[in-house]
Number of protein chains: 2
Amino acid sequence: MKPIKVGLLGVGNVGGGTFDVLERNQEEIRRRAGRSIEVVAVSARNLERAKTRTGGKVAVVANPMDIVNNPEIDIVVELIGGYDQARELVLKAIENGKHVVTANKALLAVHGNEIFAAAQAKGVMVAFEAAVAGGIPIIKALREGLTANRIDWLAGIINGTTNFILSEMRDKGLDFATVLKQAQELGYAEADPTFDIEGVDAAHKATIMSAIAFGIPVQFDKAHVEGISKLNAVDIRYAEQLGYRIKLLGIAKRAKVNGKEGVELRVHPTLIPSKRLIANVEGAMNAVLVQGDAVGATLYYGKGAGAEPTASAVIADLVDITRLATADPEHRVPHLAFQPNAMTNIEILPMSEVTTSYYLRMNVKDEPGVLADLTRILADAGISIDAMLQKEPADGETRTDIIFLTHQTQEKHVNSAIAKMEALSTVGGSVTKIRLENLS
Amino acid sequence: MKPIKVGLLGVGNVGGGTFDVLERNQEEIRRRAGRSIEVVAVSARNLERAKTRTGGKVAVVANPMDIVNNPEIDIVVELIGGYDQARELVLKAIENGKHVVTANKALLAVHGNEIFAAAQAKGVMVAFEAAVAGGIPIIKALREGLTANRIDWLAGIINGTTNFILSEMRDKGLDFATVLKQAQELGYAEADPTFDIEGVDAAHKATIMSAIAFGIPVQFDKAHVEGISKLNAVDIRYAEQLGYRIKLLGIAKRAKVNGKEGVELRVHPTLIPSKRLIANVEGAMNAVLVQGDAVGATLYYGKGAGAEPTASAVIADLVDITRLATADPEHRVPHLAFQPNAMTNIEILPMSEVTTSYYLRMNVKDEPGVLADLTRILADAGISIDAMLQKEPADGETRTDIIFLTHQTQEKHVNSAIAKMEALSTVGGSVTKIRLENLS
């Protein structure tokens with residue numbers, strides 16, 4: 001069979017990696033796909049650099065629309081990133097009857113419903129393994145490997161930058177700002193790290209996984225997004241003493257509130273038991289833990305970023321598309337795992353309705369009755385205490401830290417208990433609240 | 001679309017689980033597959049029990065051939081196990097133009113080449129996710145998720161019984177026989193545990209994975225198969241002191257010997273660094289670590305056995321087949337990941353040609369010159385020492401244990417060094433040899 005023809009929009013880090021791996025492993029890939037996969041054109045802002053990068057072997061164009069409109073090209077690989085231009089290019093490629101592969105989680109988390117509907121109408125595929133957890137085939141696992149299951153929940157370390165920062169903070173006892181600076185120097189964090197450290201990137205990925213896991217539309221605007229920039233080194237230490245590690249998790253979970261089904265979709269720093277495998281995922285690595293009703297817990301671990309790990313996912317999609325390019329749409333895996341006419345719209349719960357456990361730290365006057373007041377507030381709110389850690393005041397100090405770990409409760413109850421605690425004259429400043437998941 | 005019709009050969013543990021999950025999640029599964037998947041008949045030796053198990057909802061027959069020859073049935077699920085009858089049934093099902101799903105690793109590791117060739121010739125699919133690592137979608141990951149990669153090696157904890165025994169031996173300091181007895185009482189080990197504890201089951205699974213990873217035929221007869229029944233509790237303790245855990249690994253690895261490509265295919269107890277994620281896979285859980293040239297290391301973890309975890313894999317295969325049942329064979333994923341006309345036949349290396357590191361323990365007279373003799377033997381064989389552990393003799397004892405960890409070397413060199421060590425008058429009994437993999 002003649003080669004399938006690919007155009008790359010962008011030939012930077014991931015685009016360059018995709019080009020390299022397709023060339024290096026072309027024989028291996030052809031033996032699997034049954035057909036050669038050939039990059040015939042790339043678009044790039046810097047034409048000279050792109051020509052050098054691709055060794056003069058393919059056409060290099062400045063305008064990505066020239067790739068999208070090139071009738072010779074079967075599959076467009078979108079690696080530009082961002083929202084507006086990427087959306088326009090992807091929709092145009094679909095309109096032109098081309099299949100699309102994208103690593104762009106932001107695009108799919110925000111414009112995914114529109115894009116998948118357009119692809120469905122046109123009978124083309126939009127594949128996006130590279131958009132979540134880099135080289136780990138988690139989209140394939142969720143969408144195809146676990147089809148027997150009602151997925152109960154998933155929880156993932158899906159942002160390498162923040163996991164690197166948290167690992168360093170714990171290992172070296174350093175504070176957030178210091179480690180962020182080091183991470184930027186090492187290239188693990190970008191010059192503007194906002195998307196990573198504030199949890200936006202993880203929330204994009206969690207949004208995509210929630211859709212696939214539960215058969216709901218992507219709804220990024222309803223995700224709870226909370227990063228690690230306000231995380232205090234002291235809480236990492238206290239958590240460790242209590243047998244927990246703090247990770248930035250992206251969580252998607254089925255829930256029932258007052259008998260009504262809902263979905264929790266949230267990204268935030270989370271205490272998890274140190275002995276869990278996922279608690280030991282260190283540095284820039286990614287892992288996703290998925291709980292299905294038949295299979296139980298399964299975990300997927302690997303590199304969540306980088307040129308060739310991401311290229312690995314892009315090319316896996318290219319091979320899948322190559323196999324199914326001429327198949328009837330019914331033979332293909334639905335974009336969001338469920339048939340388009342079989343999606344549901346279970347509501348994403350507001351954070352106040354979420355049920356989880358909590359780590360609460362407060363600084364208190366070391367005097368009789370303080371603990372009684374605090375535990376009374378928790379009891380009145382119907383919150384039971386799972387563990388408590390009270391530090392001795394340092395020499396000459398009259399104040400100390402108290403930490404409570406609670407059993408499961410709704411966030412709104414915890415928030416109102418915190419407000420009451422903060423109103424006590426014995427409690428100084430604000431109460432630190434970090435969510436806790438046992439993941440079992 | 002009308003339902004796809006399934007016949008189960010065997011309705012015991014996994015068959016019953018498959019029946020239950022298909023029924024419980026039928027709505028969820030139909031929403032994914034686009035078509036209902038319906039069990040219409042089962043075969044069982046005990047008809048009454050099978051009727052009770054299936055609630056009288058399906059036809060129950062005594063002769064599995066009646067399922068295989070039933071023109072109404074589209075997919076036959078073989079859950080009988082064993083070699084001869086299973087082979088006959090699967091080949092007959094294929095001949096009758098039916099797709100097959102099987103959880104039978106023994107069958108595929110031994111008769112896979114014949115079965116896949118027959119399926120290919122007939123244009124039907126034989127799917128076997130459940131044959132390796134239960135509910136973990138490792139076949140899908142290797143066969144589809146990592147298609148961009150040249151797979152360098154994979155190493156898996158792929159037998160839950162032995163991993164449970166090893167975890168217990170380490171946790172409780174007990175010896176093999178005691179823990180095996182407990183495992184049998186708890187139902188983690190069978191009455192005749194030979195296949196599990198002697199590594200045969202793991203070797204079946206490693207054989208299947210080696211074929212998919214490298215595009216070679218299944219060659220179980222060439223696998224090195226070594227179990228844990230001779231493993232001594234003292235070696236687990238020494239390994240721990242040296243920073244390692246002992247796991248029964250199934251390993252498939254590309255190698256080069258004298259410039260010629262080969263494949264290592266081996267199952268044996270293995271020291272691995274305690275800090276590796278896979279070293280912390282405990283109890284009856286399974287995990288497979290895969291090293292690809294583009295993606296790096298990825299790990300897949302979950303339950304490797306049990307009714308519903310295995311059913312999860314069986315049903316994922318049913319959904320895949322349902323999607324592709326009427327597609328042209330070229331749209332399907334090749335049985336062994338590579339197109340049938342693009343398989344290679346890289347030789348499986350004999351164990352003497354394998355290169356790895358070693359843990360060597362010997363009991364020696366505590367007298368001058370012994371260490372010099374031993375290290376001289378290793379040096380003469382070109383084997384470098386990575387670490388050494390020498391225990392003080394117990395009070396009143398004149399003998400002690402010495403442990404060497406070696407750098408990488410070929411097994412034949414280690415074997416000849418061991419023969420020389422055992423010939424020393426200062427070395428008592430035989431030298432214990434356990435292989436060591438850094439998995440990095």
Side-chain angles (χ1 to χ4, degrees), chain A residues 1 17 21-22 24-25 28-34 129 134-137 140-141 144-150 215 277 280-281 287 292-303 306 308-309 311-316 318-320 323-324 326-328 330-334 337-339 342, chain B residues 1 17 21-22 24-25 28-34 129 134-137 140-141 144-150 215 277 280-281 287 292-303 306 308-309 311-316 318-320 323-324 326-328 330-334 337-339 342:
Chain A
M1 279 179 91
V21 175
L22 274 175
R24 183 174 76 230
N25 291 345
E28 194 105 358
I29 292 166
R30 192 192 49 71
R31 287 174 54 211
R32 291 188 175 108
E129 184 63 80
I136 307 171
K140 188 169 279 286
E144 303 175 44
L146 303 177
T147 44
N149 294 266
R150 187 175 193 274
L277 218 52
N280 294 283
V281 170
D293 70 339
V295 74
T298 52
L299 179 125
Y300 309 84
Y301 164 90
K303 285 185 184 145
E308 294 211 352
S312 174
V314 167
I315 296 169
L318 288 174
V319 172
D320 279 356
R323 286 206 181 103
L324 293 167
T326 60
D328 289 339
E330 84 217 38
H331 296 314
R332 299 171 184 161
V333 180
F338 292 77
Q339 301 292 331
Chain B
M1 278 178 92
V21 175
L22 274 175
R24 183 174 76 230
N25 291 345
E28 193 104 0
I29 292 166
R30 192 192 50 71
R31 287 173 54 212
R32 290 188 175 107
E129 185 63 80
I136 308 171
K140 188 168 279 285
E144 303 174 44
L146 303 178
T147 44
N149 293 266
R150 188 176 192 271
L277 219 51
N280 295 284
V281 170
D293 70 338
V295 75
T298 53
L299 180 128
Y300 309 85
Y301 164 91
K303 286 184 184 146
E308 293 210 352
S312 173
V314 167
I315 296 169
L318 289 173
V319 172
D320 279 355
R323 285 205 183 106
L324 293 167
T326 60
D328 291 338
E330 84 218 39
H331 297 314
R332 299 170 184 162
V333 181
F338 292 78
Q339 300 292 330

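Every chain is numbered from 1 and lettered A, B, ... according to where its sequence line falls, protein lines coming before strand lines.
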### Task
Could you tell me which portion of A:Glu330 (side chain, backbone, both or neither) has an atom closer than 4.5 angstrom to a non-hydrogen atom of chain B?
both
### Message
Out of A:Asn149, A:Ile29, A:Val281, return the one with the most heavy atom pairs under 4.5 angstrom to chain B.
### Response
A:Asn149
### Message
Taking side chain as everything from C-beta outward and backbone as N, CA, C, O, which of these in A:Ala297 sits under 4.5 Å from a heavy atom of chain B? Side chain, backbone, both or neither.
### Response
backbone
### Task
Among the options B:Ile315, B:Asp320, B:Asp328, B:Ile136, pick out the one with the most heavy-atom pairs lying under 4.5 Å from chain A.
B:Ile315
### Message
Is the ring pair B:Tyr300/A:Tyr300 parallel, tilted or perpendicular, if the boundaries are 30 and 60 degrees?
### Response
perpendicular
## Note on the structure
Of B:Gly134, B:Gly34, B:Ala294, B:Ala287, the largest count of non-hydrogen pairs under 4.5 angstrom with chain A goes to B:Ala294
### Query
Most heavy-atom pairs under 4.5 angstrom with chain B, which of A:Gly135, A:Gly302, A:Ala327?
A:Ala327
### Query
What part of A:Arg24 gets closer than 4.5 Å to chain B, counting heavy atoms only: side chain, backbone, both or neither?
side chain
#### Entry: Atom of B:Thr326, atom of A:His331 and distance for their closest heavy-atom approach
OG1-CE1, 2.8 Å
### Query
Looking at A:Arg32, A:Arg332, A:Glu129, which has the largest count of heavy-atom pairs under 4.5 Å with chain B?
A:Arg32
### Query
So what's closer than 4.5 Å to chain B heavy atoms on A:Asn280: side chain, backbone, both or neither?
both
#### Entry: Selection from B:Leu324, B:Val319, B:Asp293 maximising heavy-atom pairs under 4.5 Å formed with chain A
B:Asp293
### Most contacts with chain A, counted as non-hydrogen pairs under 4.5 angstrom, among B:Ser312, B:Gly145, B:Pro334, B:Pro137
B:Ser312
### Task
Flag the one option from B:Leu277, B:Leu146, B:Val21, B:Leu22 with the top tally of heavy-atom pairs under 4.5 Å to chain A.
B:Leu277
### Query
Relative to chain B, which of A:Glu144, A:Lys140, A:Arg31 shows the most heavy atom pairs under 4.5 Å?
A:Arg31
## Note on the structure
Applying a strict 4.5 Å limit to non-hydrogen atoms, the region of A:Ala33 in contact with chain B is backbone
### Query
What residue in B:Thr298, B:Val314, B:Leu299 has the most heavy-atom pairs under 4.5 Å with chain A?
B:Leu299
